[in-house]
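Input: a single structure, listed below in structure tokens.
Here is how names work: the chains are called A, B, and so on, in the same order as the sequence lines, proteins then strands, and each is numbered from 1.
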Amino acid sequence: MIHDFKNIEPKWQKAWEDAHLFEASDADGRPKFYGLVEFPYPSGHGMHVGHIKAYSGLEVVSRKRRMQGYNVLFPIGFDAFGLPTENSAIKFGVHPRQLTDENIKKFTGQLKRVGFSFDWSRVIDTTDESYYRWTQWIFLKMFEKGLAFRDKTLVNYCPKCRVVLSNEDSQGGKCDLCGSEVVQKSKDVWYLRITEYADKLLEGLDSVDYLPMIRQQQENWIGRSTGAFIDFPLRGISETLRVYTTRCDTLFGVTFMVMAPEHPLLDRYADRISNMKDVLAYREQCAKKTEFERTQLVKDKTGIRISGLTAVHPFTGKDIPIFISDYVMMGYGTGAIMAVPAHDSRDYAFAKEFGAEIIPVIEGGDISKEAYSGDGKMIHSEFLNGITDKKTAIARMLEELQKKGIGEAAVQYKMKDWAFNRQRYWGEPIPIVHCPNCGMVGVPYEELPLRLPPTDRFEPGEGGESPLAKMESFVNCVCPKCGGQAKRETDTMPQWAGSSWYYLRYIDPRNDECIADPEKLKYWLPVDWYNGGMEHVTRHMIYSRFWHRFLYDLGVVPTKEPYAKRTAQGLVLGANGVKMSKSLGNVVDPNDVVDSYGADVLRTYVLFMGDYEQAAPWSDSSVKGCKRFIERFAALTDMIGPEDGDLTGLLHRTIKKVSDDIENMKFNTAIAAMMAFLNEVYAKGSIDRESLMVLTRLLSPFAPHITEEVWHTLGGSGFCSTAPWPVYDESKAKVRTVEIAVQICGKLRGRVTIGADDGEEEAMVAVMADEGLRAALEGKQILKKIYVPGRLMNLVVR
RNA sequence: GCACCUGUGGCGGAACUGGCAGACGCACUAGAUUUAGGAUCUAGCGGGAAACCGUGCAGGUUCAAAUCCUGUCAGGUGCACCA
């Protein structure tokens, strides 16, 4: 009898640690497996059970891999730079370094209590100078290659956080950190030229195994579209107006042009524009609108007509009026469009508002009601008339545009360059020096890390400048190039920086010569399986794939892609079915669950509660089901009986089910299969030692402590955690008899038991031997017999 | 608006390639045990007296549909005036 569940868990955790059981080896004859989970941000609140679910998936896979004889790297670390820590630092007057250390300690304690098989010898912390040294190194390489650059532009700015945000961080016009409205502000900004990698990031998706949903979100984010640039002549001006369109085939349907309010052409010809005053007023009005307003008021089109500027249709020579409107964005395409109201709903709405002409060029639809975007025969389009296929029409038009030298095929992306600087203290300092003579100069590599200077003033300045800007001793420096007086860049990097390459550092975490030893990188890359949350699929995943591909082009890493496979777990919701949050008071602390039920129960429950990839609400009472399961399992040591083969078939089917389900992340059904096996053992009243040792190993990845104890009790050699994974034997898994369903005309009419290998004839004999079924068939003519072996017999009768 | 995902008992969820809907667990009911509560064990547990009816709804294909097709409704996620 196993007592004392409370002490079993720490006991085995210590034994594993003393044996260095889960430490990966860097040179090894075994096949390698690199499993990666998203490292946590160590907030002051500690972990909640959602973290536990997020890590438990690959924890089970990693433990199974070890038992299957793999050399497993399953690391953990902390993504510790970032605003929440800095904000608490300001609030409580404590240095973020101290808070970070405390939080990491708390998280580590929670993780260790759950018994995760992380390789604790490789823990990393992105705020450690031996780590961020290399984050800065990568930035300098990008700077050297022209991929990190500075530009003065309109940026997303959060007035509350006093910080510049990337497009990714300000989706929906809301600050990702505090939720307040983001405003547009002109600022000097560091950018990373991620757009240069757009095609590579897109192509790379073909070589990896991501969940389809994840792949699609990445594709949407990159947003590649193919179309054409077309240059429209302007009446009386030699300059042309360039537009981007994906539907150059509708060129003959153009009845007006629309430019973004900020379009520079307007300023260049301000003296020709008689209503320039109105233009400027409209522009100002648009700038005041938040992103939110611009996107919410989709249907109400506003704008004004430009008097004094007129475009000319390149084929018909007709005059085309030009408007400005904020439904055209300066940041996409050329900032100007050719409007084809007959076939574009936005242009249609605008035309209705402003009384512009609507000329259909594709047959079909009813343009008196709405724009028609379907296919059809081309009309009113000179050389395109009669073409019914969109592709052909586009190709034909492109050919004509090229011949006349007024247009060309073009590709555009929704993805924008990555705004990379933040005006904050708790981030990696950007290692750049501004020299009056030499311009921007990178800090020499041998001077890295460029350390965060000590201070107790972390607040950003009123004008949104970095706290570092106030620190004379940090700011003033000599130019590494000319030796003259110079000033340091005072902005820091965004939180996404450190997490963009952390999986590389786990491979060689203490190296101070380079990011990681090239031989080790070659051995461990790519990450075989990466699991994390859906919320990181478009930002973190895109950023880190970009950095990885850059490092590949640099020759630092040996693979084009960092992650061979990516999956995502569903959220753990609160008991009330909504997202867990402090403010709603529905957060479950894993420590509380471990206190009352133990780590094995917690681990089993987070995987049993539902489909791993789906969100599921926490249920205190359901946890008890897993508690009973674990206790009933432990009690099997008192039920050892003779080997009689009764359990063999089911045992082998369970081996197969559990093995396959783990690979497919169907942990809930894997556990259900073991519960079913356990029920069978209880019904029988005993289990033989060998079978119990098999079940113990199957359960080990889920409930490693109690299985270790049972293994030990049964006299198993070594640790159960590294014992060989049970092998499925098909010949032993066979069932002897099966019960098949008997249908008459598709309706279930009875069941008969036949031999597992019996064919249709034997099945038919069994059907006729059944009294009820024979009666039902009395006097009927059997027209058709459908026999599905092992499943059913369907008789169609008259 | 567009794209994707999800709709199955009181609840979380199972169901291979179209082949016995409701595995496994929770809750619940009855019984046993217990001074009591709790815990544990045994049995039952979609609806209906039954014929039958049941996988959001309405059609369709098929010997057979939770599963495939068409339409529709609801919830979720992502993107969003992207030309």
Side-chain angles (χ1 to χ4, degrees), chain A residues 171-172 211-221 223-225 227-228 243-248 250 258 260 291 294-301 325-329 331-340 343-347 349-350 412-416 534-535 537-538 570-571 573 577 604-605 608-611 613-629 631-632 635 660 666 668-679 682 739-751 783-797:
Chain A
Q171 293 174 39
L211 235 50
M213 190 179 16
I214 294 174
R215 179 189 175 133
Q216 206 202 324
Q217 280 195 25
Q218 293 222 344
E219 282 172 353
N220 284 349
W221 190 263
R224 187 180 202 268
S225 94
V243 301
Y244 175 71
T245 179
T246 53
R247 294 299 304 273
C248 66
T250 61
V258 186
E291 187 84 11
R294 271 178 92 144
T295 54
Q296 284 305 299
L297 305 170
V298 171
K299 280 171 190 112
D300 308 330
K301 294 279 182 286
S325 173
D326 63 357
Y327 85 91
V328 175
M329 306 285 148
Y332 185 80
T334 62
I337 61 154
M338 58 176 220
V340 185
H343 304 294
D344 179 285
S345 59
R346 294 152 302 175
D347 297 347
F350 192 88
Q412 291 289 308
Y413 302 93
K414 286 185 204 172
M415 187 168 69
K416 309 234 172 52
M534 278 307 292
E535 69 276 18
V537 160
T538 43
L571 293 174
L573 304 172
T604 309
Y605 178 65
F608 181 67
M609 62 194 297
D611 184 336
E613 292 173 10
Q614 251 15 84
W618 182 267
S619 159
D620 279 319
S621 59
S622 282
V623 179
K624 285 184 209 148
C626 290
K627 175 177 178 271
R628 285 181 196 134
F629 170 56
E631 285 174 356
R632 273 156 61 91
D660 291 352
K666 299 291 177 198
N668 53 339
T669 50
I671 294 166
M674 290 185 280
M675 287 173 167
F677 180 80
L678 197 66
N679 290 342
Y682 271 77
E739 191 184 54
I740 64 164
V742 182
Q743 296 179 339
I744 294 173
C745 291
K747 295 242 182 232
L748 184 68
R749 283 292 176 259
R751 295 187 172 89
L783 299 177
K784 202 170 169 186
K785 282 184 248 178
I786 295 130
Y787 176 63
V788 183
R791 296 255 169 215
L792 61 62
M793 170 74 84
N794 187 10
L795 300 170
V796 184
V797 300

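No engagement by A:K785 is indicated, since no non-hydrogen atom pair under 4.0 Å with the nucleic acid exists. Within 4.0 Å of A:A615, counting heavy atoms only, lie sugar-phosphate atoms of the nucleic acid but no base atom.
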Protein-nucleotides 22-32 of chain B N/O pairs closer than 3.5 Å?
unit_1	atom_1	unit_2	atom_2	d
B:rG25	OP1	A:N679	ND2	3.2
B:rC26	OP1	A:R628	NH1	2.3
B:rC26	O2'	A:S621	OG	2.9

Can you name the atoms? Protein N/O to nucleotides 73-76 of chain B N/O, anything below 3.5 Å, with the distance.
none

So which protein nitrogen or oxygen atoms get under 3.5 Å of nucleotides 47-49 of chain B's nitrogens or oxygens?
none

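Partners of A:D344 by salt bridge (charged side-chain N to carboxylate O under 4.0 Å, His left out), not counting sequence neighbours, listed by chain and number: A:R346. Scored by the salt bridge (charged side-chain N to carboxylate O under 4.0 Å, His left out) test, A:R247 finds A:D249 as partners (sequence neighbours excluded). When the side chain to side chain donor-acceptor pair (under 3.5 Å) test is applied to A:S622, the partners found at least two apart in sequence or on another chain are A:S619. Taking the side chain to side chain contact (heavy atoms under 4.5 Å, CB included) definition, one finds that A:R224 meets it with A:D199, A:L202, A:T226, A:V411, A:Y413, sequence neighbours left out. By the side chain to side chain contact (heavy atoms under 4.5 Å, CB included) test, A:A616 pairs with A:M609, sequence neighbours left out. Qualifying salt bridge (charged side-chain N to carboxylate O under 4.0 Å, His left out) partners for A:R215, counting only residues two or more places apart in sequence or in other chains: A:D206, A:E219. Applying the side chain to side chain contact (heavy atoms under 4.5 Å, CB included) rule to A:Q217 yields the partners A:M213, A:M534, A:V537, A:T538; only residues at least two apart in sequence or on another chain are considered.
B:rA83 atom P lies 9 Å from atom CD of A:Q412, rounded to whole Å. Atom C1' of nucleotide B:rG13 and atom CZ of A:F629 are separated by 17 Å, given to the nearest angstrom. Summarising the geometry, the separation between CG on A:D620 and C1' on B:rG12 is reported as 14 Å, rounded to the nearest angstrom. Between the P atom of B:rC63 and the CG atom of A:L792 lies a distance of 15 Å, rounded to the nearest Å. Per the geometry, CD1 belonging to A:I786 stands 8 Å off P belonging to B:rA64, to the nearest Å. One atom, CH2 of A:W221, and another, P of B:rC2, lie 21 Å apart when rounded to the nearest Å. If you take CE of A:M793 and P of B:rA64, they are 17 Å apart, rounded to a whole angstrom. Here B:rC11 presents its C1' atom at 14 Å from CG of A:L573, a figure rounded to the nearest Å.
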Notebook entry, point to check: Which dot-bracket string fits RNA chain B when only Watson-Crick or G-U wobble pairs with both atom distances under 3.5 Å count, crossing pairs get [ ], and | stands for a partner on a different strand?
Noted result: (((((((..(((......[....))).(((((.......))))).((....))..(((((..]....))))))))))))....
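Screening residues 613-628 of chain A for salt bridge (charged side-chain N to carboxylate O under 4.0 Å, His left out) gives A:K627-A:E631 as the qualifying pairs, with residues at least two apart or on separate chains.
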Note to self: Checking A:D326 against A:K301 for the salt bridge (Lys or Arg N to Asp or Glu O under 4.0 Å) test, could you report, in this order, the C-alpha distance in whole Å, the side-chain angles of both residues, the deciding distance, and whether it holds?
What the structure shows: CA-CA 8 Å; A:D326 63 357; A:K301 294 279 182 286; over 6 Å; no
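Counting only distance, with no hydrogens or angles, the side chain of A:Y327 and the backbone of A:F350 share no donor-acceptor pair below 3.5 Å.
Mapping A:Q216 and A:T245 onto RNA chain B via the closest heavy atom, the residue that lands nearer the 5' end is A:Q216.
Distances shorter than 4.0 Å separate some side-chain N or O of A:Y332 from OP1 or OP2 on B:rA83.
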